Amino acid sequence: MKFMVALTMMAVTIFGLLIDGHNCKIVQFIFGDSLSDVGNNKYLSKSLAQASLPWYGIDFGNGLPNGRFSNGRTVADIIGDNMGLSRPPAFLDPSLTEDMIIENGVNYASGGGGILNETGGLFIQRFSLYKQIELFEGTQTLIKSKIGAQAAEKFFQEARYVVALGSNDFINNYLMPVYRDSWTYNDQTFIDYLMETLQRQLKLLHSLGARQLMVFGLGPMGCIPLQRVLSTSGDCQDRTNKLALSFNKAGSKLTEDLSSKLPNASYRFGDAYDVVNDVISNPDKYGFSNAETPCCSFGRIRPALTCIPASVLCKDRSKYVFWDEYHPSDSANELIARELIKKLGFLRVGETNGPSPAPAIAPSPEE
C-alpha cells in the first residue's frame, strides 16, 4: 500500500512539474476582421458578413468554404506557418476544447469587426476588438482551470499575438454617411479617436499577458475593387489611401511607444502599404495580370459585395491581386506575408513543419 501511495505521489509530482515547467507549445492568439477570420462569422447566424458560400476556400484544403474571406490562406496563416506556429481554430468552432487551445491557440477575428464598437453595425452580427478581448478573457479562465494559474500565466506570456483591424473602421463606418462618426469627426480627429481606443485595447491585452504582439497596418484601401467601382473614374480613391497612410503612421508610433513603456513588451507594427501599393501600380512586376477587378465577380453587375455560387471566376486566380470586392487573393496574401516577415525579421519558433505550402490551384468552374 505504501508503495502504491508513493508511486501515486511521484506521478502527481511529475505531472505537476510538467505543468509548472510549462511544456505547453508556444501558440498564437489572433484578433482581427475578415482579413484574418477563419470561421467565426459562419457561426454568427445573423451576420451579413459571410464567407460560407462557394467559391470561398476553393484553393484551400478540400476546396469547400471554411470561413476565410479568400480563395486560400490569410496573411496570418502564412506568417504563422513560416514561424512554425500552429494555425489557431476559430473561437466559435463547436469542437474547440481546452486541449486544442493549449495546442493551437485561438483565432477571434470576425468579418466586419473593427477597433470601434460601432463599426460594422450594418452587418448585424460581428465581434468588435473589445468583444474579441472579452472572449480572450474567457479563454484565460478556461486555461487557468485546466493547468493552474502559474502555468497559465507563463503560457499566455510566451504566446504570440496578432491584432489586425482598422479597415472596417473607415470603409464600414467613417466613410459611410449612415454612421454618426462620419459627421462627428474630421479625418485627423477620427484617427486620434481610433488610436486612443487602440491604445486602451493594447494596454488591456498587455494586462492579460500579451508580451509579443504585432499590429498589422493597412494597405491602400482606396484601391480595393469596391472603392474603385464606387468612384466615377475607376481609379483608386486618394482620400481613402491617405487615411490608411495616416493610420499606419499613428499606429507605428503607438506600438513603438507602448513597447518602450509597458514592462517586457515587444510590440511591433507590420506595415506593408508600400509593397501592396507597388503591386497594384505595377502588377506585371510581381507576376500578376489584374490588380483592379476581383477574380470572383457577378459579371457586369458590380459591386457584388460577396462572392456567390452564381459568380464567375477568373481563369487563373494566381494572377489576380483581389479575390472579391474587398479581399486579396491567396497569391497576394503570400506576397504581403513574406514582405512582413522580411521587414520584421520573424524567426521560427520551436519545432517546425517547413514553410507554408502554396495551395494547388484548382480549375475554375468555367474551364
Side-chain angles (χ1 to χ4, degrees), residues 30-38 40-42 44-53 56 67-70 74-75 108-132 163-187 189-198 201 215-231 236-248 250-251 273 276 294 296 302-308 322-328:
I30 296 175
F31 306 84
D33 53 27
S34 58
L35 294 173
S36 306
D37 192 347
V38 296
N40 283 308
N41 274 31
K42 74 178 182 179
L44 296 176
S45 59
K46 296 179 182 177
S47 178
L48 299 181
Q50 290 287 347
S52 55
L53 296 171
Y56 288 101
R68 288 170 174 80
F69 288 75
S70 176
T74 68
V75 170
Y108 304 92
S110 172
I115 293 169
L116 306 174
N117 288 335
E118 61 265 33
T119 290
L122 292 176
F123 295 122
I124 312 301
Q125 280 185 306
R126 78 281 179 224
F127 293 153
S128 68
L129 181 50
Y130 269 127
K131 180 62 178 179
Q132 292 178 37
V163 175
L165 301 95
S167 59
N168 284 311
D169 293 293
F170 295 100
I171 294 171
N172 291 301
N173 181 354
Y174 178 63
L175 294 173
M176 296 181 69
V178 295
Y179 285 93
R180 181 180 177 183
D181 287 350
S182 68
W183 67 80
T184 303
Y185 301 95
N186 61 39
D187 290 0
T189 58
F190 186 70
I191 296 286
D192 294 341
Y193 174 35
L194 280 177
M195 289 302 121
E196 289 164 5
T197 306
L198 183 60
Q201 292 163 332
V215 177
F216 281 2
L218 302 182
M221 303 181 298
C223 294
I224 66 173
L226 176 68
Q227 289 288 298
R228 283 181 182 270
V229 79
L230 293 179
S231 69
C236 297
Q237 300 214 31
D238 188 54
R239 180 193 174 199
T240 308
N241 283 346
K242 286 180 178 176
L243 286 169
L245 287 168
S246 296
F247 177 93
N248 289 350
Y273 183 99
V276 177
C296 184
R302 293 189 61 208
L305 298 184
T306 188
C307 183
I308 59 176
F322 292 99
W323 165 246
D324 62 13
E325 300 283 1
Y326 287 97
H327 308 99

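Heavy-atom basis, side chains included; hydrogens, waters and symmetry copies ignored. Nothing here was measured: the structure is a model prediction, and the numbers come from that model.
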| task | Carefully, step by step, assess Trp323 and Tyr56 under the rule side chain to side chain contact (heavy atoms under 4.5 Å, CB included). | result | CA-CA 9 Å; Trp323 165 246; Tyr56 288 101; 3.2 Å; yes

| message | Before you tell me yes or no, could you show the steps for Met176 and Leu122 under side chain to side chain contact (heavy atoms under 4.5 Å, CB included), namely the whole-Å CA-CA distance, both residues' side-chain angles and the distance that decides it to 0.1 Å? | response | CA-CA 11 Å; Met176 296 181 69; Leu122 292 176; 3.5 Å; yes

| CA sep, side-chain torsions, deciding dist, call: Asp187, Arg239, salt bridge (Lys or Arg N to Asp or Glu O under 4.0 Å) | CA-CA 9 Å; Asp187 290 0; Arg239 180 193 174 199; 2.7 Å; yes

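Considering CG of Asp33 and OG of Ser128, their distance stands at 12.0 Å, rounded to 0.5 Å. Atom CD1 of Ile191 is separated from atom CG of Leu198 by 11.0 Å, given to the nearest 0.5 angstrom. The distance from the CZ atom of Phe69 to the OG atom of Ser36 is 11.0 Å, given to the nearest 0.5 Å. Put simply, CG on Leu165 and OG on Ser34 are 9.5 Å apart, with the number rounded to the nearest 0.5 Å. For the atom pair CZ (Arg126) and CG (Asn40), the distance works out to 14.0 Å, reported to the nearest 0.5 Å. Interatomic distance, Gln237 CD to Ile171 CD1, rounded to the nearest 0.5 Å: 9.5 Å.
With contacts defined as side-chain heavy-atom distances shorter than 4.5 Å, the pair Gln50/Thr306 does not qualify. Taking 4.5 Å as the limit, every side-chain heavy atom of Ile30 sits out of range of all side-chain heavy atoms of Thr74. Taking 4.5 Å as the limit, some side-chain heavy atom of Leu35 sits within range of a side-chain heavy atom of His327. Taking 4.5 Å as the limit, some side-chain heavy atom of Pro220 sits within range of a side-chain heavy atom of Val276.
Judged by distance alone, the side chains of Thr197 and Tyr130 never bring a donor and an acceptor atom under 3.5 Å apart. Ser110 and Asp37 share no donor-acceptor pair across their side chains, judged by distance under 3.5 Å alone.
Relative ring orientation between Phe170 and Phe247 is described as perpendicular, the plane-to-plane angle rising above 60° on a 0-90° scale split at 30° and 60°.
Just one residue in the list Asn168, Leu129, Leu194 forms a side-chain contact (heavy atoms from CB on, under 4.5 Å) with Leu116, and that residue is Leu194. Each of Asn172, Asp169, Asp181 was compared with Thr119 under the side chain to side chain donor-acceptor pair (under 3.5 Å) criterion, and only Asp169 meets it. Just one of Phe190, Tyr193, Tyr185 meets the ring-ring contact (aromatic ring centres under 6.0 Å, His included) condition when paired with Tyr174; it is Phe190.
At distances below 3.5 Å, at least one donor-acceptor pair connects side-chain atoms of Gln201 with backbone N or O atoms of Ile115. At least one donor-acceptor pair closer than 3.5 Å links the side chain of Asn248 to the backbone N or O of Leu218. Side chain of Asn41 to main chain of Leu44: no donor-acceptor pair is present (N/O by atom type, distance under 3.5 Å, no hydrogens or angles).
When all heavy atoms of Ser70 and Pro328 are compared, the closest pair comes out as OG-O, 3.5 Å. Taking both residues in full, the closest heavy atoms of Arg228 and Cys223 are given as NE-O, 3.3 Å, listed atom of the first, atom of the second, then distance. The two residues Pro225 and Pro294 have their closest heavy-atom pair at CB-CD, 3.7 Å. In terms of heavy-atom proximity, Lys42 sits nearest to Ser52 at CB-CB, 4.3 Å. When all heavy atoms are compared, the tightest approach of Gly111 to Ala49 is O-CB, 3.6 Å.
Gln227 meets the side-chain hydrogen bond (donor to acceptor under 3.5 Å, both in side chains) test with Thr240; sequence neighbours excluded.
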